[in-house]
Amino acid sequence: MIERTVQFGSDATLVGIVCEPDAGHERAGAPAVVLINSGILHKVGSCRLYVRLARALADAGFVCLRFDLSGLGDSAVRRDARAFEESSVLETRDAMDYLQRIRGVG
């Protein structure tokens, strides 16, 4: 399993960790998994649940991205006045678009 820190989004202000299977261990045709921080917890999740889950998924052949929504954890605060209900959807789309771009998965 390979883990790396990434920045993405329109201003590269969103921060996440991509967990990928080792070369040759990818699950053909598998969807990517996106783990979004919940509430005020950042991308590690409660009791590091998201860390363990992302690593287990990568070991099973899935690409996984866990990331912080803007203003939480390592991601910068948004510079616009969008409501959370709108910005969280846009940022989740940014995460999915990023995975599509780097790995061709959706």
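In this chain, numbering begins with 1 at the start of the sequence shown.
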[X] side chain to [Y] main-chain N or O, any donor-acceptor pair under 3.5 Å?
X     : Y     : value
Asn37 : Asp68 : no
Asp74 : Val15 : no
Thr13 : Ala76 : no
Thr92 : Ser88 : yes
Arg52 : Cys47 : yes

Checklist entry - In terms of heavy-atom contacts, does CZ of Arg79 have more than 12 from other residues, nucleotides or ligands at under 6.0 Å? => result no
Connected via hydrophobic side-chain network under 4.5 Å: [X] and [Y]:
X     : Y      : answer
Phe67 : Phe84  : yes
Leu90 : Leu69  : no
Met96 : Ile102 : yes
Val51 : Ile17  : no

Checklist entry - Between Glu3 and Glu20, does a side-chain contact (heavy atoms from CB on, under 4.5 Å) hold up when you go through it step by step? => result CA-CA 6 Å; Glu3 283 184 305; Glu20 301 174 276; over 6 Å; no
Checklist entry - With under 30° as parallel and over 60° as perpendicular, where do the rings of Tyr98 and Phe8 fit, or are they tilted in between? => result parallel
Nearest heavy atoms of [X] and [Y], plus distance in Å:
X     : Y     : answer
Ala60 : Arg27 : O-NH2, 2.9 Å
Leu14 : Ser70 : CD2-N, 3.8 Å
Met1  : Asp22 : N-OD1, 2.7 Å
Pro21 : Ile2  : O-CD1, 4.2 Å
Val63 : Leu99 : CG1-CD2, 3.9 Å

Next on the checklist: To the closest 0.5 Å, what do you measure between CD1 (Ile36) and CG (Leu72)?
Outcome noted: 12.0 Å
Checklist entry - At what distance, to the nearest 0.5 angstrom, does CG of Asp94 lie from OG of Ser10? => result 6.0 Å
Checklist entry - Does a side-chain heavy-atom distance below 4.5 Å link Leu35 with Cys64? => result yes
Checklist entry - Do Phe62 and Pro31 have side chains that get closer than 4.5 Å, going by heavy atoms? => result yes
Checklist entry - Salt bridge check: are Glu86 and Arg78 linked by an N-O gap of less than 4.0 Å? => result no
Checklist entry - Taking it one step at a time, do Glu91 and Arg82 satisfy salt bridge (charged side-chain N to carboxylate O under 4.0 Å, His left out)? => result CA-CA 11 Å; Glu91 292 168 6; Arg82 293 184 193 270; over 6 Å; no
